[in-house]
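Data first, discussion second: the structure below is written as C-alpha coordinates.
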Amino acid sequence: MEKKKLHIKTYGCQMNVYDSSRMEDIVLPLGYEITENDAEADLLILNTCHIREKASEKVFSELGRIKKKKLDKGGDMIIAVAGCVAQAQGEEIMKRSPWVNMVFGPQSYHKLPEMIAKTMRKVDGKGVLNTDFPEEIKFDHMPKPRVEGKAAFLAVQEGCDKFCTYCVVPYTRGAEYSRSTQAIMDEAQHLVDNGVMEITLLGQNVNNWHGVGKHGREENLGELIHKLAEIKDLKRIRYVTSYPSEMTQDLIDAHGNIEKLMPYLHLPIQSGSNKILKAMNRNHTVEEYLNIFESLRNVRHDIALSGDFIVGFPGESEQDFQDTLGVVKKVGYASAYSFTYSPRPGTPASVLPKQVNDQIKAERLSILQQAISESQQTFNDNLVGKTLSVLMESTGRRDGQLVGRSPYMQAVHCLMDESYMNQLVNLKIISASKFSLEGELVI
Ligand code: SAH
Ligand code: SF4
Ligand code: F3S
(Lines give C-alpha, C1' and ligand atoms only; values in the text may rest on other atoms or scores of the structure.)
(Ligands and ions follow the chains in the order given, each with its own letter.)
Protein backbone atom coordinates (compact mmCIF):
# COMPACT_ATOMS: atom_id res chain seq x y z
CA MET A 1 0.00 0.00 0.00
CA GLU A 2 1.22 3.47 -0.78
CA LYS A 3 2.44 5.33 2.24
CA LYS A 4 0.81 8.49 3.51
CA LYS A 5 2.89 11.60 3.84
CA LEU A 6 3.90 13.41 7.03
CA HIS A 7 5.32 16.91 7.27
CA ILE A 8 6.28 18.56 10.58
CA LYS A 9 7.19 22.22 10.78
CA THR A 10 9.16 23.08 13.90
CA TYR A 11 9.45 26.43 15.69
CA GLY A 12 11.15 27.36 18.97
CA CYS A 13 13.75 25.66 21.10
CA GLN A 14 15.81 22.47 20.85
CA MET A 15 13.21 20.65 22.93
CA ASN A 16 10.76 21.23 20.09
CA VAL A 17 13.29 19.89 17.58
CA TYR A 18 13.63 16.78 19.75
CA ASP A 19 9.85 16.46 20.15
CA SER A 20 9.29 16.75 16.41
CA SER A 21 11.57 13.84 15.71
CA ARG A 22 9.89 11.85 18.53
CA MET A 23 6.52 12.57 16.86
CA GLU A 24 7.95 11.26 13.59
CA ASP A 25 9.04 8.09 15.41
CA ILE A 26 5.45 7.62 16.58
CA VAL A 27 3.70 8.44 13.31
CA LEU A 28 5.98 6.69 10.76
CA PRO A 29 5.05 3.16 11.88
CA LEU A 30 1.39 4.02 11.25
CA GLY A 31 2.10 3.87 7.51
CA TYR A 32 3.58 7.32 6.90
CA GLU A 33 6.74 8.57 5.24
CA ILE A 34 8.29 12.01 5.63
CA THR A 35 7.85 14.61 2.92
CA GLU A 36 9.71 17.91 2.64
CA ASN A 37 6.88 19.34 0.58
CA ASP A 38 4.06 20.45 2.87
CA ALA A 39 1.59 20.82 -0.02
CA GLU A 40 1.49 17.03 -0.50
CA ALA A 41 1.22 16.14 3.19
CA ASP A 42 -1.61 13.90 4.39
CA LEU A 43 -0.72 14.88 7.96
CA LEU A 44 0.81 18.28 8.60
CA ILE A 45 1.92 19.12 12.14
CA LEU A 46 2.98 22.59 13.28
CA ASN A 47 5.13 22.27 16.39
CA THR A 48 4.81 25.73 17.85
CA CYS A 49 6.55 28.12 20.25
CA HIS A 50 4.81 30.58 22.58
CA ILE A 51 7.83 32.24 24.17
CA ARG A 52 7.47 35.70 22.62
CA GLU A 53 4.61 37.40 20.82
CA LYS A 54 6.32 37.15 17.44
CA ALA A 55 6.78 33.40 17.81
CA SER A 56 3.09 32.88 18.56
CA GLU A 57 1.90 35.16 15.80
CA LYS A 58 3.78 33.09 13.25
CA VAL A 59 1.44 30.20 13.98
CA PHE A 60 -1.69 32.07 13.01
CA SER A 61 -0.21 33.47 9.81
CA GLU A 62 1.13 30.02 8.90
CA LEU A 63 -2.31 28.53 9.53
CA GLY A 64 -3.75 30.94 6.97
CA ARG A 65 -1.28 29.68 4.36
CA ILE A 66 -1.96 26.09 5.25
CA LYS A 67 -5.71 26.49 4.89
CA LYS A 68 -5.11 27.28 1.23
CA LYS A 69 -2.90 24.22 0.77
CA LYS A 70 -5.55 22.05 2.35
CA LEU A 71 -8.21 23.44 0.01
CA ASP A 72 -5.89 22.92 -2.98
CA LYS A 73 -5.67 19.29 -1.95
CA GLY A 74 -9.45 19.00 -1.89
CA GLY A 75 -9.54 19.20 1.91
CA ASP A 76 -7.74 15.88 2.18
CA MET A 77 -5.13 16.92 4.72
CA ILE A 78 -5.08 16.45 8.49
CA ILE A 79 -3.81 19.64 10.12
CA ALA A 80 -2.43 19.43 13.63
CA VAL A 81 -1.09 22.11 15.93
CA ALA A 82 1.28 20.85 18.64
CA GLY A 83 3.73 22.50 21.02
CA CYS A 84 3.50 25.45 23.35
CA VAL A 85 0.98 27.62 21.49
CA ALA A 86 -1.31 24.61 21.26
CA GLN A 87 -1.01 24.14 25.02
CA ALA A 88 -1.62 27.82 25.81
CA GLN A 89 -4.24 28.68 23.20
CA GLY A 90 -5.79 25.38 22.16
CA GLU A 91 -9.40 26.47 22.29
CA GLU A 92 -8.69 29.72 20.50
CA ILE A 93 -6.94 27.90 17.66
CA MET A 94 -9.94 25.58 17.28
CA LYS A 95 -12.29 28.56 17.21
CA ARG A 96 -10.26 30.78 14.91
CA SER A 97 -9.20 28.04 12.53
CA PRO A 98 -11.94 25.42 12.28
CA TRP A 99 -10.06 23.66 9.45
CA VAL A 100 -7.50 22.51 12.05
CA ASN A 101 -8.21 18.88 12.93
CA MET A 102 -6.09 18.31 16.02
CA VAL A 103 -4.61 20.54 18.72
CA PHE A 104 -2.48 18.99 21.42
CA GLY A 105 0.12 20.05 23.98
CA PRO A 106 3.66 18.73 24.59
CA GLN A 107 2.59 16.20 27.21
CA SER A 108 0.30 14.20 24.95
CA TYR A 109 2.53 13.29 21.99
CA HIS A 110 2.47 9.61 22.92
CA LYS A 111 -1.28 9.69 22.27
CA LEU A 112 -0.82 10.64 18.62
CA PRO A 113 -1.94 7.24 17.23
CA GLU A 114 -5.28 7.39 19.01
CA MET A 115 -5.72 11.09 18.19
CA ILE A 116 -5.09 10.39 14.49
CA ALA A 117 -7.50 7.43 14.54
CA LYS A 118 -10.13 9.58 16.24
CA THR A 119 -9.69 12.35 13.68
CA MET A 120 -10.08 9.89 10.80
CA ARG A 121 -13.29 8.55 12.35
CA LYS A 122 -14.82 11.96 12.94
CA VAL A 123 -17.57 12.48 10.46
CA ASP A 124 -18.96 15.60 12.11
CA GLY A 125 -15.71 17.38 11.29
CA LYS A 126 -15.16 18.53 14.87
CA GLY A 127 -11.54 18.73 15.91
CA VAL A 128 -9.67 16.78 18.59
CA LEU A 129 -8.33 18.94 21.44
CA ASN A 130 -5.89 17.48 23.95
CA THR A 131 -4.18 19.89 26.30
CA ASP A 132 -4.28 17.76 29.47
CA PHE A 133 -1.29 17.08 31.62
CA PRO A 134 -1.84 13.30 31.78
CA GLU A 135 -0.97 11.16 34.80
CA GLU A 136 1.12 8.74 32.78
CA ILE A 137 4.50 9.91 31.53
CA LYS A 138 4.82 10.26 27.78
CA PHE A 139 8.46 9.14 27.77
CA ASP A 140 7.38 5.68 28.98
CA HIS A 141 5.17 5.31 25.92
CA MET A 142 7.50 6.37 23.15
CA PRO A 143 9.34 4.13 20.69
CA LYS A 144 13.13 4.13 20.53
CA PRO A 145 14.40 7.14 18.58
CA ARG A 146 15.37 6.84 14.94
CA VAL A 147 18.95 7.93 14.50
CA GLU A 148 20.11 10.34 11.82
CA GLY A 149 23.60 11.77 11.83
CA LYS A 150 26.26 11.75 14.50
CA ALA A 151 24.93 14.37 16.92
CA ALA A 152 21.68 13.76 18.77
CA PHE A 153 19.47 15.34 21.41
CA LEU A 154 18.29 13.38 24.42
CA ALA A 155 15.60 14.89 26.67
CA VAL A 156 16.41 14.07 30.29
CA GLN A 157 14.19 16.61 31.98
CA GLU A 158 11.15 18.59 30.98
CA GLY A 159 9.04 21.34 32.49
CA CYS A 160 9.76 24.19 34.82
CA ASP A 161 8.83 25.10 38.39
CA LYS A 162 10.76 28.36 38.45
CA PHE A 163 7.98 30.71 37.32
CA CYS A 164 10.11 33.61 36.16
CA THR A 165 7.49 36.35 36.01
CA TYR A 166 7.88 36.96 32.26
CA CYS A 167 7.82 33.35 31.08
CA VAL A 168 5.13 31.04 29.69
CA VAL A 169 7.13 27.81 29.84
CA PRO A 170 5.91 26.64 33.30
CA TYR A 171 2.36 26.87 31.92
CA THR A 172 3.03 25.27 28.54
CA ARG A 173 5.43 22.47 29.55
CA GLY A 174 4.05 21.82 33.02
CA ALA A 175 5.86 20.81 36.21
CA GLU A 176 9.48 19.68 36.26
CA TYR A 177 9.92 16.01 35.53
CA SER A 178 13.18 14.04 35.42
CA ARG A 179 13.49 10.81 33.45
CA SER A 180 15.08 7.87 35.25
CA THR A 181 18.79 7.16 35.00
CA GLN A 182 18.02 3.79 33.44
CA ALA A 183 15.76 5.21 30.72
CA ILE A 184 18.39 7.81 29.85
CA MET A 185 21.27 5.33 29.81
CA ASP A 186 19.24 2.98 27.58
CA GLU A 187 18.40 5.76 25.14
CA ALA A 188 22.02 6.97 25.09
CA GLN A 189 23.32 3.44 24.47
CA HIS A 190 20.81 3.00 21.65
CA LEU A 191 21.96 6.28 20.06
CA VAL A 192 25.62 5.33 20.32
CA ASP A 193 24.95 1.79 19.01
CA ASN A 194 23.55 3.53 15.95
CA GLY A 195 26.59 5.68 15.38
CA VAL A 196 25.95 8.79 17.47
CA MET A 197 29.15 10.45 18.73
CA GLU A 198 27.74 13.55 20.41
CA ILE A 199 24.75 13.73 22.76
CA THR A 200 23.19 16.96 23.98
CA LEU A 201 21.10 16.43 27.09
CA LEU A 202 18.00 18.59 27.00
CA GLY A 203 15.72 20.10 29.60
CA GLN A 204 14.16 23.46 30.43
CA ASN A 205 16.08 23.19 33.70
CA VAL A 206 18.47 20.47 32.67
CA ASN A 207 20.90 21.01 35.53
CA ASN A 208 18.12 20.34 38.02
CA TRP A 209 17.77 16.82 36.62
CA HIS A 210 17.65 14.32 39.42
CA GLY A 211 17.20 10.69 38.72
CA VAL A 212 17.00 7.66 40.91
CA GLY A 213 20.14 5.52 40.84
CA LYS A 214 20.68 1.79 41.23
CA HIS A 215 20.07 1.74 44.95
CA GLY A 216 17.19 4.20 44.99
CA ARG A 217 19.52 7.11 45.72
CA GLU A 218 18.88 10.39 43.95
CA GLU A 219 21.56 11.44 41.50
CA ASN A 220 22.40 14.82 40.03
CA LEU A 221 23.38 15.81 36.51
CA GLY A 222 27.11 15.74 37.30
CA GLU A 223 26.81 12.09 38.30
CA LEU A 224 24.72 11.28 35.22
CA ILE A 225 27.35 12.82 32.97
CA HIS A 226 30.01 10.66 34.64
CA LYS A 227 27.96 7.57 33.78
CA LEU A 228 27.35 8.66 30.22
CA ALA A 229 31.05 9.36 29.74
CA GLU A 230 31.69 5.66 30.34
CA ILE A 231 29.86 4.73 27.13
CA LYS A 232 32.90 3.89 25.06
CA ASP A 233 32.04 5.19 21.63
CA LEU A 234 30.34 8.33 22.88
CA LYS A 235 32.80 11.14 22.21
CA ARG A 236 31.09 14.35 23.27
CA ILE A 237 28.50 15.37 25.86
CA ARG A 238 26.66 18.69 26.17
CA TYR A 239 23.64 19.86 28.16
CA VAL A 240 21.22 22.76 27.79
CA THR A 241 19.57 24.89 29.33
CA SER A 242 20.73 25.47 32.87
CA TYR A 243 19.43 27.59 35.73
CA PRO A 244 22.02 29.44 37.84
CA SER A 245 20.96 28.35 41.32
CA GLU A 246 20.94 24.68 40.25
CA MET A 247 24.64 24.59 39.30
CA THR A 248 25.90 21.95 41.77
CA GLN A 249 29.54 21.56 42.72
CA ASP A 250 29.42 18.07 41.15
CA LEU A 251 28.45 19.58 37.83
CA ILE A 252 31.09 22.29 38.03
CA ASP A 253 33.69 19.64 38.90
CA ALA A 254 32.52 17.51 35.98
CA HIS A 255 33.73 20.27 33.67
CA GLY A 256 37.19 19.83 35.14
CA ASN A 257 37.21 16.02 35.26
CA ILE A 258 35.38 14.71 32.24
CA GLU A 259 37.09 15.23 28.95
CA LYS A 260 34.04 14.20 26.95
CA LEU A 261 32.02 17.01 28.54
CA MET A 262 32.45 19.87 26.09
CA PRO A 263 33.89 23.15 27.43
CA TYR A 264 30.71 25.13 26.87
CA LEU A 265 27.95 26.27 29.21
CA HIS A 266 24.76 28.08 28.34
CA LEU A 267 23.62 29.75 31.55
CA PRO A 268 21.08 32.55 31.16
CA ILE A 269 21.22 35.51 33.57
CA GLN A 270 18.53 37.70 31.88
CA SER A 271 19.60 40.97 33.57
CA GLY A 272 22.64 42.48 35.25
CA SER A 273 20.55 44.30 37.85
CA ASN A 274 19.63 42.61 41.13
CA LYS A 275 16.50 44.76 41.34
CA ILE A 276 15.30 43.44 37.97
CA LEU A 277 16.34 39.86 38.75
CA LYS A 278 14.18 40.06 41.86
CA ALA A 279 11.22 41.42 39.89
CA MET A 280 11.77 38.56 37.44
CA ASN A 281 11.62 36.09 40.38
CA ARG A 282 15.00 34.74 39.28
CA ASN A 283 16.12 33.58 42.70
CA HIS A 284 19.82 34.39 42.13
CA THR A 285 21.89 37.56 42.22
CA VAL A 286 24.37 38.91 39.71
CA GLU A 287 27.21 38.15 42.14
CA GLU A 288 26.13 34.52 42.54
CA TYR A 289 26.00 34.16 38.79
CA LEU A 290 29.47 35.63 38.29
CA ASN A 291 30.82 33.35 41.06
CA ILE A 292 29.60 30.28 39.18
CA PHE A 293 31.55 31.39 36.12
CA GLU A 294 34.62 32.00 38.20
CA SER A 295 34.43 28.49 39.69
CA LEU A 296 33.98 27.06 36.21
CA ARG A 297 36.97 28.92 34.84
CA ASN A 298 39.00 27.64 37.77
CA VAL A 299 38.37 24.04 36.75
CA ARG A 300 38.30 24.60 32.99
CA HIS A 301 40.07 27.80 32.00
CA ASP A 302 39.04 27.72 28.32
CA ILE A 303 35.31 27.17 28.92
CA ALA A 304 33.04 29.05 26.50
CA LEU A 305 30.25 30.84 28.34
CA SER A 306 26.90 31.67 26.89
CA GLY A 307 23.75 33.33 28.19
CA ASP A 308 20.36 34.90 27.54
CA PHE A 309 19.32 38.48 28.19
CA ILE A 310 16.00 40.26 28.25
CA VAL A 311 16.07 44.04 27.85
CA GLY A 312 13.20 46.37 28.70
CA PHE A 313 11.66 44.33 31.48
CA PRO A 314 9.07 46.50 33.31
CA GLY A 315 10.82 49.02 35.58
CA GLU A 316 14.24 48.62 33.88
CA SER A 317 16.03 51.96 34.27
CA GLU A 318 18.97 53.21 32.23
CA GLN A 319 21.21 52.25 35.17
CA ASP A 320 19.77 48.71 35.27
CA PHE A 321 20.52 48.41 31.59
CA GLN A 322 24.07 49.70 32.09
CA ASP A 323 24.51 47.00 34.75
CA THR A 324 23.49 44.40 32.15
CA LEU A 325 26.15 45.75 29.79
CA GLY A 326 28.57 45.51 32.72
CA VAL A 327 27.91 41.76 33.00
CA VAL A 328 28.63 41.30 29.30
CA LYS A 329 31.96 43.09 29.73
CA LYS A 330 32.91 41.10 32.84
CA VAL A 331 32.01 37.64 31.52
CA GLY A 332 33.49 37.80 28.05
CA TYR A 333 30.76 35.65 26.50
CA ALA A 334 31.59 33.29 23.66
CA SER A 335 27.97 33.73 22.57
CA ALA A 336 24.76 35.12 23.97
CA TYR A 337 21.13 35.51 22.96
CA SER A 338 19.25 38.71 23.65
CA PHE A 339 15.61 39.66 23.34
CA THR A 340 13.36 42.60 24.01
CA TYR A 341 10.87 41.85 26.73
CA SER A 342 7.60 40.58 25.29
CA PRO A 343 4.60 40.75 27.62
CA ARG A 344 2.92 37.34 27.58
CA PRO A 345 -0.76 36.91 28.45
CA GLY A 346 -1.30 35.39 31.88
CA THR A 347 2.22 36.05 33.20
CA PRO A 348 2.65 38.31 36.26
CA ALA A 349 5.11 40.69 34.55
CA SER A 350 2.67 41.51 31.77
CA VAL A 351 0.51 43.50 34.20
CA LEU A 352 3.35 45.24 36.06
CA PRO A 353 3.41 49.04 35.95
CA LYS A 354 6.30 50.89 34.30
CA GLN A 355 6.33 48.92 31.06
CA VAL A 356 9.25 50.16 28.95
CA ASN A 357 8.30 51.66 25.60
CA ASP A 358 9.17 49.84 22.38
CA GLN A 359 11.61 52.43 21.12
CA ILE A 360 13.76 52.28 24.26
CA LYS A 361 13.61 48.49 24.20
CA ALA A 362 14.83 48.45 20.60
CA GLU A 363 17.65 50.90 21.34
CA ARG A 364 18.83 48.92 24.35
CA LEU A 365 18.70 45.68 22.38
CA SER A 366 20.86 47.11 19.64
CA ILE A 367 23.47 48.42 22.12
CA LEU A 368 23.50 45.08 23.95
CA GLN A 369 23.83 43.12 20.73
CA GLN A 370 26.76 45.27 19.71
CA ALA A 371 28.50 44.49 23.02
CA ILE A 372 27.76 40.78 22.63
CA SER A 373 29.10 40.78 19.06
CA GLU A 374 32.35 42.34 20.20
CA SER A 375 32.65 39.75 22.94
CA GLN A 376 32.04 36.92 20.46
CA GLN A 377 34.56 38.34 18.03
CA THR A 378 37.19 38.55 20.77
CA PHE A 379 36.51 34.99 21.91
CA ASN A 380 36.73 33.68 18.35
CA ASP A 381 39.83 35.72 17.47
CA ASN A 382 41.62 34.05 20.37
CA LEU A 383 41.12 30.68 18.71
CA VAL A 384 42.96 31.60 15.52
CA GLY A 385 46.09 29.47 15.27
CA LYS A 386 44.73 26.80 17.63
CA THR A 387 43.80 23.28 16.56
CA LEU A 388 40.29 22.16 17.54
CA SER A 389 38.45 18.88 17.18
CA VAL A 390 35.38 19.40 15.02
CA LEU A 391 32.50 17.07 14.24
CA MET A 392 31.65 17.62 10.56
CA GLU A 393 27.87 17.57 10.28
CA SER A 394 26.71 19.27 7.08
CA THR A 395 27.70 20.75 3.76
CA GLY A 396 28.52 24.45 3.66
CA ARG A 397 27.28 27.17 1.36
CA ARG A 398 30.41 27.09 -0.75
CA ASP A 399 31.31 24.21 -3.03
CA GLY A 400 33.48 21.61 -1.35
CA GLN A 401 32.88 23.08 2.08
CA LEU A 402 31.82 21.10 5.15
CA VAL A 403 30.61 22.59 8.42
CA GLY A 404 30.90 21.22 11.93
CA ARG A 405 30.88 22.32 15.55
CA SER A 406 33.91 23.10 17.64
CA PRO A 407 34.02 22.02 21.30
CA TYR A 408 33.01 25.63 22.07
CA MET A 409 29.91 25.37 19.88
CA GLN A 410 30.91 27.67 17.04
CA ALA A 411 30.31 26.57 13.49
CA VAL A 412 33.63 25.77 11.79
CA HIS A 413 33.84 25.81 7.98
CA CYS A 414 36.47 23.91 6.08
CA LEU A 415 37.19 23.15 2.43
CA MET A 416 37.64 19.41 2.49
CA ASP A 417 36.72 16.15 0.84
CA GLU A 418 33.14 15.00 1.40
CA SER A 419 34.43 11.75 2.90
CA TYR A 420 35.12 13.69 6.11
CA MET A 421 31.38 14.14 6.63
CA ASN A 422 30.27 12.68 9.98
CA GLN A 423 33.86 12.44 11.20
CA LEU A 424 35.61 14.08 14.13
CA VAL A 425 38.61 15.84 12.64
CA ASN A 426 41.31 18.21 13.83
CA LEU A 427 41.10 21.61 12.23
CA LYS A 428 43.58 24.43 12.59
CA ILE A 429 41.68 27.70 12.86
CA ILE A 430 42.82 30.15 10.20
CA SER A 431 40.25 32.93 10.54
CA ALA A 432 37.36 33.99 12.73
CA SER A 433 34.21 36.07 12.40
CA LYS A 434 31.80 36.76 15.21
CA PHE A 435 29.56 33.82 14.29
CA SER A 436 31.92 31.24 12.91
CA LEU A 437 35.45 30.00 12.36
CA GLU A 438 37.32 28.75 9.34
CA GLY A 439 39.69 25.84 9.65
CA GLU A 440 42.25 23.81 7.77
CA LEU A 441 42.58 20.06 8.06
CA VAL A 442 45.49 18.93 10.21
CA ILE A 443 46.72 15.49 9.14
N1 SAH B 1 15.04 27.72 30.78
C2 SAH B 1 14.56 27.76 29.45
C3 SAH B 1 14.39 29.12 28.90
C4 SAH B 1 13.43 29.06 27.77
S5 SAH B 1 13.09 30.55 27.15
C6 SAH B 1 15.26 26.87 28.50
O7 SAH B 1 15.27 25.68 28.63
O8 SAH B 1 15.82 27.31 27.48
C9 SAH B 1 14.61 31.05 26.38
C10 SAH B 1 14.87 32.48 26.65
O11 SAH B 1 13.84 33.29 26.13
C12 SAH B 1 14.93 32.86 28.12
O13 SAH B 1 16.15 32.55 28.71
C14 SAH B 1 14.68 34.33 28.06
O15 SAH B 1 15.88 35.05 27.86
C16 SAH B 1 13.80 34.50 26.83
N17 SAH B 1 12.42 34.82 27.19
C18 SAH B 1 11.56 34.09 27.91
N19 SAH B 1 10.39 34.74 28.07
C20 SAH B 1 10.53 35.93 27.44
C21 SAH B 1 9.67 37.05 27.26
N22 SAH B 1 8.45 37.08 27.78
N23 SAH B 1 10.14 38.10 26.54
C24 SAH B 1 11.39 38.09 26.01
N25 SAH B 1 12.24 37.05 26.16
C26 SAH B 1 11.82 35.98 26.86
FE1 SF4 C 1 11.09 30.25 31.83
FE2 SF4 C 1 12.47 30.90 33.96
FE3 SF4 C 1 11.60 28.42 33.69
FE4 SF4 C 1 13.57 29.27 32.09
S5 SF4 C 1 13.67 29.06 34.32
S6 SF4 C 1 11.76 28.14 31.49
S7 SF4 C 1 13.02 31.42 31.81
S8 SF4 C 1 10.34 30.21 33.97
FE1 F3S D 1 9.07 27.94 22.89
FE2 F3S D 1 7.91 26.10 24.33
FE3 F3S D 1 10.49 25.91 23.77
S4 F3S D 1 7.50 28.24 24.40
S5 F3S D 1 11.11 28.03 23.70
S6 F3S D 1 8.85 25.83 22.33
S7 F3S D 1 9.52 25.31 25.66
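Every heavy atom of this structure was used, including side-chain atoms; hydrogens, water molecules and symmetry mates were not. Owing to the predicted nature of the structure, the values given are computational and were not obtained by experimental measurement. Read the numbers this way: they start at 1 and go in the same order the structure lists the ligands and their atoms.
- The protein non-hydrogen atom at the shortest distance from atom 15 (O) of ligand 1 is Gln270 OE1, 2.6 Å.
- Looking only at heavy atoms of the protein, atom 5 (S) of ligand 1 is closest to Ile51 CD1, 3.4 Å.
- If you number the atoms of ligand 3 from 1 as listed, the ones under 4.0 Å from a heavy atom of Asn16 come out as 6 (S).
- The protein heavy-atom contact nearest to atom 13 (O) of ligand 1 is Asp308 OD2, 2.6 Å.
- The residue from Lys5, His7, Glu40 that alone fulfils the side chain to side chain donor-acceptor pair (under 3.5 Å) condition with Thr35 is Glu40.
- A cation-pi arrangement is absent between Lys111 and Phe104, since the terminal nitrogen or guanidinium carbon is not both under 6.0 Å from the aromatic centre and inside a 45° cone about the axis.
- Atom 19 (N) of ligand 1 has as its closest protein heavy atom Tyr166 CD1, 3.2 Å.
- In summary, an N, O or S atom of Cys84 is located under 2.8 Å from atom 2 (Fe) of ligand 3.
- Listed by number with element, the atoms of ligand 1 under 4.0 angstrom from any heavy atom of Thr340 are 23 (N), 24 (C).
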(request) Could you walk me through whether Glu219 and Thr181 pass the side-chain hydrogen bond (donor to acceptor under 3.5 Å, both in side chains) test, one step at a time? (result) CA-CA 8 Å; Glu219 292 176 305; Thr181 311; 2.7 Å; yes

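- Scanning the protein for heavy atoms near atom 1 (Fe) of ligand 3, the closest one is Cys49 SG, 2.4 Å.
- Within the 2.8 Å limit, Cys167 places no N, O or S atom next to atom 3 (Fe) of ligand 2.
- Of the protein's heavy atoms, Cys13 SG, 2.3 Å lies nearest to atom 3 (Fe) of ligand 3.
- Contact analysis puts Arg173 in contact with ligand 3, with a non-hydrogen atom separation below 4.0 angstrom.
- When each atom of ligand 1 is checked for a heavy atom of Gln204 under 4.0 Å away, the hits are 1 (N), 2 (C), 6 (C), 7 (O).
- In this structure, Gly203 is part of the shell of residues with a heavy atom less than 4.0 angstrom from ligand 1.
- Assignment of Gln204 to the shell around ligand 3 is supported, since a heavy atom sits closer than 4.0 Å.
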